[in-house]
Visitor: 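Dropping a structure here in structure tokens format, bear with me for questions.
Counting begins at 1 with the first residue of the sequence. Keep in mind that the numbers below use all heavy atoms, side chains included, and drop hydrogens, waters and symmetry copies.
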Amino acid sequence: MRRLTVSSFVSLDGVIEGPMGWASPFFDEQNQAHALQALSGVEFFLVGRVTYEMFSARWPDLKGPYMDRINGLKKLVASKTLKTVGWNATLLEGDVAQALAALKRQPGGDILKYGVSQLDKTLVSAGLVDEYHLSIVPTRVGHGKRAFDDVGSIDLDLVGTHRFDNGVVTLTYVPR
């Protein structure tokens with residue numbers, strides 16, 4: 001059975017929006033090695049339309065062990081408006097929760113989603129998220145969308161921590 005993990009950068013003031021601008025300086029060699037290791041059991045990369053459009057426009061041109069692994073993953077795109085997708089992606093049509101639940105029941109590699117977005121409301125409501133990996137970045141952004149704004153009430157248990165030399169701490173949570 002596959003597991004679904006949601007991973008996100010979160011600033012000290014709770015912002016998740018636009019992490020490429022404020023989290024990138026903290027995504028050093030140690031963080032990249034850890035992120036690459038976390039991808040070892042992943043088969044699918046799940047994104048919503050907004051994230052898909054942002055990532056697919058830039059990431060296929062980025063190179064290196066971490067980006068090569070991301071670019072090689074099968075992509076699942078949850079969207080009600082897109083008609084076609086590229087970047088090694090499949091469009092999830094119809095009931096996204098039902099499609100993901102069926103995929104999770106199959107044997108194979110795990111599913112990873114970056115960022116906490118509107119899609120998480122559907123995922124949480126359907127009980128599909130197995131873990132959240134929240135990387136707390138020691139910086140204040142000051143404005144932007146906050147973590148879990150779109151999700152609503154959520155109860156999590158802390159099950160793990162990982163501290164990096166640059167001050168980033170990744171907290172692993174599971175739904176109660």
Side-chain angles (χ1 to χ4, degrees), residues 3-40 42 44-79 82 85 87-89 110-124 128-152 154 156 158-175:
R3 297 178 49 79
L4 172 59
T5 299
V6 176
S7 181
S8 185
F9 290 115
V10 182
S11 71
L12 287 177
D13 53 343
V15 174
I16 58 170
E17 184 177 342
M20 288 183 193
W22 51 266
S24 293
F26 294 92
F27 199 58
D28 61 17
E29 287 182 26
Q30 186 183 27
N31 294 79
Q32 287 180 39
H34 186 266
L36 184 59
Q37 164 57 30
L39 291 172
S40 65
V42 174
F44 293 97
F45 188 52
L46 173 63
V47 293
R49 179 193 57 81
V50 173
T51 302
Y52 169 77
E53 289 177 337
M54 180 177 55
F55 286 177
S56 67
R58 298 176 69 188
W59 286 21
D61 297 327
L62 300 177
K63 303 296 179 209
Y66 171 75
M67 289 311 303
D68 293 346
R69 178 72 174 115
I70 289 286
N71 286 322
L73 291 173
K74 299 172 196 171
K75 317 299 184 301
L76 302 170
V77 182
S79 174
L82 289 175
V85 292
W87 193 38
N88 194 26
D110 292 336
I111 305 164
L112 175 65
K113 179 182 174 294
Y114 279 168
V116 181
S117 66
Q118 291 177 352
L119 178 55
D120 284 75
K121 186 171 189 167
T122 299
L123 301 175
V124 169
L128 295 173
V129 178
D130 296 294
E131 283 188 347
Y132 277 97
H133 295 176
L134 303 178
S135 293
I136 311 304
V137 179
T139 191
R140 181 183 177 279
V141 177
H143 63 281
K145 184 176 154 193
R146 303 279 195 257
F148 299 99
D149 273 354
D150 297 324
V151 177
I154 186 169
L156 303 170
L158 179 66
V159 297
T161 60
H162 186 92
R163 184 188 181 284
F164 296 91
D165 294 340
N166 64 7
V168 173
V169 178
T170 298
L171 306 173
T172 301
Y173 289 97
V174 296

Visitor: Can you tell me how far apart CG (N71) and CZ (F55) are? Round to the nearest 0.5 Å.
Guide: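 Separation between the atoms: 11.0 Å.
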Visitor: Got a sec, which residues hit salt bridge (Lys or Arg N to Asp or Glu O under 4.0 Å) with R146, two or more places apart in sequence or on another chain?
Guide: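 Once residues adjacent in sequence are excluded, R146 has no partner under the salt bridge (Lys or Arg N to Asp or Glu O under 4.0 Å) criterion.
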Visitor: Within this structure, what is the CG-CG distance for the pair L171 and L156, rounded to the nearest 0.5 Å?
Guide: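 Result: 10.5 Å between the selected atoms.
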Visitor: Rounded at 0.5 Å granularity, tell me how far CD1 in I154 sits from NZ in K121.
Guide: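 So the CD1 of I154 and the NZ of K121 are separated by 12.0 Å.
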Visitor: For a 4.5 angstrom cut-off between non-hydrogen side-chain atoms, does L82 reach E53?
Guide: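 Heavy-atom side-chain distance check passes, below 4.5 Å.
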Visitor: If a pair satisfies side chain to side chain donor-acceptor pair (under 3.5 Å) and one of its residues is in residues 18-36, list it, with sequence neighbours excluded.
Guide: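 Output for this query lists D28-N166, N31-N166.
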Visitor: Ignoring hydrogens, what is the shortest heavy-atom contact between G21 and P25? Give both atom names and the distance.
Guide: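 Closest pair (atom of G21, atom of P25, distance): O-CD, 4.2 Å.
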Visitor: Donor-acceptor pair, D13 side chain versus R140 backbone, under 3.5 Å?
Guide: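 Judged by distance alone, no pair lies under 3.5 Å.
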Visitor: About how many Å separate CD1 of I111 and CG of L73, when rounded to the nearest 0.5 Å?
Guide: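 It is 11.5 Å, given to the nearest 0.5 Å.
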Visitor: How long is the straight-line distance from CG of L119 back to CG of L46, given to the nearest 0.5 Å?
Guide: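 Between atom CG of L46 and atom CG of L119 there are 5.5 Å.
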Visitor: State, to 0.1 Å, how close A89 and V77 come at their nearest heavy-atom pair, and which atoms those are.
Guide: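 That closest heavy-atom pairing would be CB-CG2, 3.8 Å.
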Visitor: Distance only, no hydrogens: is a donor on one side chain within 3.5 Å (strictly under) of an acceptor on the other, for S135 and T170?
Guide: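 Yes - a donor-acceptor pair under 3.5 Å links their side chains.
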Visitor: Not counting sequence neighbours, which residues clear salt bridge (Lys or Arg N to Asp or Glu O under 4.0 Å) with D150? List them please.
Guide: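 For D150 the salt bridge (Lys or Arg N to Asp or Glu O under 4.0 Å) partners, ignoring immediate neighbours, are K145.
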Visitor: Rounded to the nearest 0.5 Å, what's the gap from NE2 on H133 to CG on L112? Could you check?
Guide: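 CG of L112 is found 8.5 Å from NE2 of H133.
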Visitor: If every non-hydrogen atom of L4 is compared with every non-hydrogen atom of L128, which pair is closest and at what distance?
Guide: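 Scanning both residues, the minimum pair turns out to be CB-O, 3.4 Å.
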Visitor: Please step through side chain to side chain contact (heavy atoms under 4.5 Å, CB included) for the pair K63 and D68, ending with a clear verdict.
Guide: CA-CA 6 Å; K63 303 296 179 209; D68 293 346; 3.9 Å; yes
Visitor: Does D120 use its side chain to pair, donor to acceptor, with the backbone of S117 at less than 3.5 Å?
Guide: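 Present.
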Visitor: For the residue pair S11 and V137, establish whether any side-chain heavy-atom pair is separated by less than 4.5 Å.
Guide: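 A side-chain contact under 4.5 Å is absent here.
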Visitor: Looking at every non-hydrogen atom in both residues, tell me the closest pair between P138 and V168 and how far apart they are.
Guide: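 P138 and V168 have their closest heavy atoms at CD-CG2, 3.8 Å.
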Visitor: Determine whether the aromatic ring centres of F26 and F164 lie less than 6.0 Å apart.
Guide: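 No, ring centres 6.0 Å or more apart.
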Visitor: Closest approach of R49 and S79, non-hydrogen atoms and distance?
Guide: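 Closest approach of R49 to S79: CB-OG, 3.7 Å.
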Visitor: Apply ring pair (Phe, Tyr, Trp, His ring centres under 6.0 Å) to F45 and list each qualifying residue two or more places apart in sequence or on a separate chain.
Guide: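 With neighbours one apart ignored, the set is Y114.
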Visitor: So, using salt bridge (Lys or Arg N to Asp or Glu O under 4.0 Å) as the criterion, who are the partners of D130 when residues are at least two apart?
Guide: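 Per chain and number, D130 pairs via salt bridge (Lys or Arg N to Asp or Glu O under 4.0 Å) with K104.
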Visitor: What pair of heavy atoms forms the shortest contact from K75 to I70, and how long is it?
Guide: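 Shortest heavy-atom separation between K75 and I70 comes out as NZ-O, 3.1 Å.
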Visitor: Any side-chain heavy atom of Y132 sitting closer than 4.5 Å to one from V124?
Guide: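 Y132 reaches V124 side chain to side chain.
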Visitor: Judged by atom type as modelled, is there a donor-acceptor pair below 3.5 Å linking the side chain of K113 to the main-chain atoms of G115?
Guide: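 Between the backbone of G115 and the side chain of K113 there is a qualifying donor-acceptor contact (under 3.5 Å).
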Visitor: Please list, chain by chain and in numerical order, all residues satisfying salt bridge (Lys or Arg N to Asp or Glu O under 4.0 Å) with E17, sequence neighbours excluded.
Guide: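 For E17, no residue satisfies salt bridge (Lys or Arg N to Asp or Glu O under 4.0 Å) once neighbours in sequence are set aside.
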